[in-house]
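One structure is given below, encoded as structure tokens.
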Amino acid sequence: MKHICDITGEGLPEAGYFERLPDGACPVFEAGRIAAAGRAMACGKGTFCRNGLAQLALITEAASMNKAREGDLALLRQLCKNILIASDCAMSEHVAALVAASMDLHEEAWSDHLVRRRCQKGICPGFATNRAAPPQNLVRRRRR
Amino acid sequence: MKATVNGTFIESAPGVSILDAALSAGIYIPHLCAHPDLEPQGGCKLCTVEVRRAGGGGPELRTACNTELEDGMEIATRSAAIDELRTMSIELLLADHPKECTGCRMYLKCEFQALMQYLSATGVRMREIRRRMIGVNADNPLIDREMERCICCGRCIRICKDVRGIGALRYNHSEQETYVGTEGDAPLKETDCRFCGACVEVCPTGALQDRLGIFRDDLPRREALVPCKAECPVHTDIPRYLRYAREGRYSDAVAVIREKIPLPGVLGHVCTAYCEKRCKRSGLDEALAVRNTKRLAVERDTERAWKARERVRPDTGRRVAVVGAGPCGLTAAYYLRKQGHAVTVYEREARPGGMLAYGIPPYRLPAALLEDEITDMLACGIELKTGAEVANAAGLREEGFDAVLVAVGAAQGKRLPIPGADLPGTLTALEFLHAAAEPGGAAAIPGTEPGTKVCVLGGGNVAFDAARTAARRGADVTLLCLEARGEMLADKEEIEDGAAEGVRILPSKTFLAVAEKDGRASGVSVQGIRRFSFGAEGLAVEAIPGTEETLPADVVIFAAGQKCALKEDFGIALNRAGYPDTADDGQTSAPGVFAAGDAVTGTKAVIDAVAEGRKAAEAIDRFLGGDGDITETLVDKEDFPGEIGVLPGFAALKRTEEITECDRCLLCDLRTGIRPVLFCNHYSA
């Protein structure tokens, strides 16, 4: 189909980014970051670009935040497929291709986030465990 | 181009899109961002179809709105891939769209809702998005923007930019959100928006709606969209003549007016201007000065090109008598003559014009203008008999007239039922104005010479005509009325001009009696009121105790309305109020005798009388065997291109008395040229 805008997605990671993902980087978190960046670039004309990227961003963010829903993985794949078919926009096609590549190349990591509910890299905020010392005034009160 | 859609053969001219070709052939393809008056954007993907080209190859998914039909194409509108794409498109759009359709004013008129139902799609799989930018530009005068309902189809943006040539709307971005807004999110009044309403017209959802109350909901929508034209009793094409006037084509402007009104100059001075009362621009600032523009166009029409287009049909051999040469009678006579009938007008006064000649003072309506326009009307071959009072309308039929129209107006002024109302020194406004219209007139009425005191009882336009006429003769005039100042029936400018000319206005007064001294009126006893109403028992007032007073007056003028002066011996049945009993077509109890105008309706505006005259002419023409079609074309109608362009500072343009006033027009009529989008049920396949 014809492209309806000339946004190319300059500044986004290049194709192959997930094949050479740096050590320590989480593919789910990275996919979410790319989707959010793409969403902010959308010109607004195309439904699959404007709203499709918004959904990609929200669902990947939910995966990072441990708020994924059943069926999200299939929905993400379907979204990526249809954005590639129908967005008519080089930028959103690029984003969809990157997110799809993340899912294809890092299937285990996506299963961790969506099924086993963990982030192996310890990056995604929804899975981080923070421990903080209790406030001092509370400690003193207990001693009495 | 010849192709098949779902196996059905279709054909179209080259360059036509698959969508347009299919819809023309009665085959429905879902679509949302496409619109018959817009260049396709191909953004929503709902019109996606599968296409096999003549040269072979597998099926390709194509958006039907921006793919041209080619010879030999085989098109499928349904497949698993298409259904998946369409369903997902709706799901995506629903993610940030309210789910409660019933609360939307576009419920059951919404294209998006219709598509959801057609495609059986819901948005439950997608993450719900709560919009933050929906409050932007919600506060504007004419368009309700419920942007949470916007699906960003871009129709409003495209029609504003590509069709209207303005570009006030655009896609804006805020953080992660795309929304339709203006440059810098400026209020619409501060943009180039010309409030033409095209954006509202093409919006497929309830995101853009006309503010409630701007358009009447008791009229067919297309009619209501042009409030000035809808409100005019003869439906003058006001936007069209304003456009011509703006271009300096005054003769064409007058031609447009004359297609409906044979007295354009007169109405340029005295029209009640219902059009201005509902002018859409009044929601923005002030109504357009339509009446004044009409007057200017007539004054500047030196060419009078419309004259050459006027036609009188061949003689029918039928004769019509019109009783009364007021605006209703003259209008009816004019159109009946143009239908080919021989018309004789009987007028009891010395001059034709009725209330125009004897009721409206010359400072409001120049006598020469009235005479010129009546002369123009009579020139088509109407016989006028002045000083000819008709005693019996039915008798005219016996004299050989095939039809008679009684258009004698409401020629009898009413006096209030209060003590002293018949004393010498009291008179009705009609009697006063009639006397004033005669050469040397009101000067002969005792008490209207300079310095004397005149009390006018009434708050309508006739009351102000009498009050201002007396004031202009040097009298000390007080106008008293029941209504509070803000509720007076007279036109605002009449009230303002009257006050400026020295008429003392005392509103919220009830009249107790006309005071007497030496056998004649010496004043008016009045009392202040809080409120009043008219019920089954007549007038009810809530008087304020202790506010009684008697205002001195040498002359008391009653401007309390008029009534029909006909008596039973006129040959037609009258109702209990003394007005002719008429059927729907205006025919009275006497066969072939019709009645129209104020004589039937009671006192109304001049433009109402013209409308009544037109209606009567249609009915009488049909009665005489004609087609009743009195429409005429005095200037060819041109298709106005939808492009109106930018007019800097449009929303801030102030009402003026100059011809540039036309620039302020919102061009509401252009909206009627936008083609509607038909729902799936309009298509056979």
Side-chain angles (χ1 to χ4, degrees), chain A residues 1-7 32-65 67-89 91-93 95-96 114, chain B residues 32-33 39-49 51 60-67 81-97 112 123-131 150-155 157-158 169-181:
Chain A
M1 295 190 189
K2 302 165 193 169
H3 283 173
I4 57 175
C5 74
D6 52 8
I7 296 174
R33 197 175 57 81
I34 291 166
R39 182 189 182 188
M41 288 181 187
C43 75
K45 289 181 188 169
T47 302
F48 279 85
C49 171
R50 181 187 65 242
N51 294 20
L53 292 188
Q55 289 299 326
L56 278 190
L58 289 171
I59 297 169
T60 49
E61 185 193 8
S64 285
M65 298 299 291
K67 289 180 180 170
R69 294 183 202 154
E70 194 181 338
D72 272 355
L73 204 57
L75 181 57
L76 276 175
R77 287 194 182 282
Q78 199 184 351
L79 272 166
C80 289
K81 182 185 88 174
N82 285 327
I83 290 171
L84 283 164
I85 292 172
S87 72
D88 299 350
C89 160
M91 182 274 291
S92 52
E93 284 168 12
V95 170
L114 275 75
Chain B
L32 189 55
C33 67
E39 286 296 312
Q41 181 168 280
C44 73
K45 304 299 161 199
L46 287 165
C47 67
T48 301
V49 291
V51 175
E60 304 167 54
L61 290 177
R62 286 279 177 268
T63 37
C65 66
N66 57 5
T67 306
I82 294 170
D83 288 352
E84 181 183 317
L85 210 57
R86 285 179 184 161
T87 303
M88 181 163 274
S89 178
I90 294 283
E91 287 176 316
L92 288 171
L93 292 171
L94 270 173
D96 57 3
H97 189 87
F112 185 44
V124 290
R125 289 196 303 167
M126 300 294 168
R127 291 296 191 281
E128 187 156 331
I129 300 174
R130 184 163 296 177
R131 296 222 183 138
C150 176
I151 53 169
C152 289
C153 65
R155 281 190 190 172
I157 296 172
R158 281 177 285 153
L169 299 174
R170 52 191 274 172
Y171 285 113
N172 277 350
H173 306 276
S174 169
E175 297 176 7
Q176 293 283 314
E177 195 170 320
T178 302
Y179 61 98
V180 174

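Since this is a predicted model, take the numbers as computed values, not measurements.
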Does B:Arg127 pair with A:Glu61 as a salt bridge, N-O distance under 4.0 Å? no
Taking every non-hydrogen pair under 4.5 Å, which of A:Ala36, A:Ala62, A:Ala57 racks up the most with chain B? A:Ala36
Given that the side chain runs from C-beta out, which part of A:Leu53 has a heavy atom under 4.5 Å from chain B: side chain, backbone, both or neither? neither
Using heavy-atom distances under 4.5 Å, tell me whether A:Cys5 contacts chain B through its side chain, its backbone, both, or neither. neither
Segment of B:Leu32 engaging chain A (4.5 angstrom heavy-atom cut-off): neither
List the atom of B:Ala64, the atom of B:Val49, and the distance in Å for their closest heavy-atom pair. CB-CG2, 4.1 Å
For A:Gln78, does the CD atom have more than 12 heavy-atom neighbours from other residues, nucleotides or ligands under 6.0 Å away? yes
Candidate list B:Arg125, B:Lys45, B:Arg86, test salt bridge (charged side-chain N to carboxylate O under 4.0 Å, His left out), partner B:Glu91, passing option: B:Arg125
